[in-house]
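Input: a single structure, listed below in structure tokens.
None of these values were measured; they are calculated from a predicted model.
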Amino acid sequence: DTEVTQTPKHLVMGMTNKKSLKCEQHMGHRAMYWYKQKAKKPPELMFVYSYEKLSINESVPSRFSPECPNSSLLNLHLHALQPEDSALYLCASSQTGTLNYGYTFGSGTRLTVV
Amino acid sequence: QKEVEQNSGPLSVPEGAIASLNCTYSDRGSQSFFWYRQYSGKSPELIMFIYSNGDKEDGRFTAQLNKASQYVSLLIRDSQPSDSATYLCATTTGGFKTIFGAGTRLFVKA
């Protein structure tokens, strides 16, 4: 299995809603990431989990709450989002170690906040 | 500010030609270098990584790295219309944080 699976693929939510994005991989990767990408912009790092522990939080607002229940799963809990949070949310995974061999990205969740 | 710079394009090449995509980076501590391809509305896909000076070839793709000049390039030989996409250059200093360039849009004309 060489895939990262993200659900849902599309999500429309109101500013008062609570929703969660899910990500799953079975490649044995022990580093998992959340990125946010706006149209015609590069992906922006939000969070990094290494061995199920949060190792990087790029000063993301608290309305985004990550969770890593086990080595294969990564969630992103959303609450009280703003319209400017509308974007493509990408999950990625990679091997750990001294050399980074690159990411495998999921297909993304396209989020629209209304 | 650690940066990765790319020409945004679009770079337009005829089918069958060589497409040359370039990237410069500011952090001399960068250790690994990547090229991702991203089709419109899709997620990025890793197509090449390189960490030693010189050339690395994989099929129609060749990545070139010059650490002294802080320069990375991607050559696509025999370009096809299916190669039309945005190509993201990215670097990492060996930890988990990868910095992406803004991407170069490539258009291959049939």
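Interface check for chain B: of the options A:Ser107, A:Ser94, A:Pro43, the most heavy-atom pairs under 4.5 Å are formed by A:Pro43. Per-residue counts of heavy-atom pairs under 4.5 Å with chain A were compared for B:Ala102, B:Pro44, B:Ala90, B:Ser8; the largest is that of B:Pro44. Most heavy-atom pairs under 4.5 Å with chain B: of the set A:Ser50, A:Gly108, A:Ala92, this distinction falls to A:Ser50.
Neither the backbone nor the side chain of A:Gln6 comes within contact range of chain B; no heavy atom of the residue lies under 4.5 Å from a heavy atom of that chain. Heavy atoms of A:Ser55 lying under 4.5 Å from chain B belong exclusively to its side chain.
In this structure the side chain of A:His79 never reaches within 4.5 angstrom of the side chain of A:Ser65, judged on heavy atoms. A 4.5 Å side-chain heavy-atom check between B:Ile76 and B:Tyr87 finds at least one atom pair inside the cut-off. Side-chain atoms of A:Leu78 and A:Leu21, non-hydrogen and from C-beta on, do get closer than 4.5 Å to each other. Within the 4.5 Å cutoff, the side chain of B:Gln38 has heavy atoms near those of the B:Leu88 side chain.
Heavy-atom neighbours of chain B within the stretch residues 29-38 of chain A, taken at a separation under 4.5 angstrom, comprise A:Ala31, A:Tyr33, A:Tyr35, A:Gln37.
Within the structure, ring-ring contact (aromatic ring centres under 6.0 Å, His included) pairs that include any residue of residues 14-37 of chain B comprise A:Phe105-B:Tyr36, B:Tyr25-B:Phe33, B:Tyr36-B:Phe100 (at least two apart or interchain).
Of the N and O atoms on the side chains of B:Ser73 and B:Gln64, at least one donor lies less than 3.5 Å from an acceptor on the other residue.
Looking at A:Lys22 and A:Glu67, no side-chain N of the basic residue comes within less than 4.0 Å of a carboxylate O on the acidic one, giving no salt bridge.
Crowding of B:Lys67 atom NZ: a count of heavy atoms from other residues, nucleotides or ligands under 6.0 Å exceeding 12.
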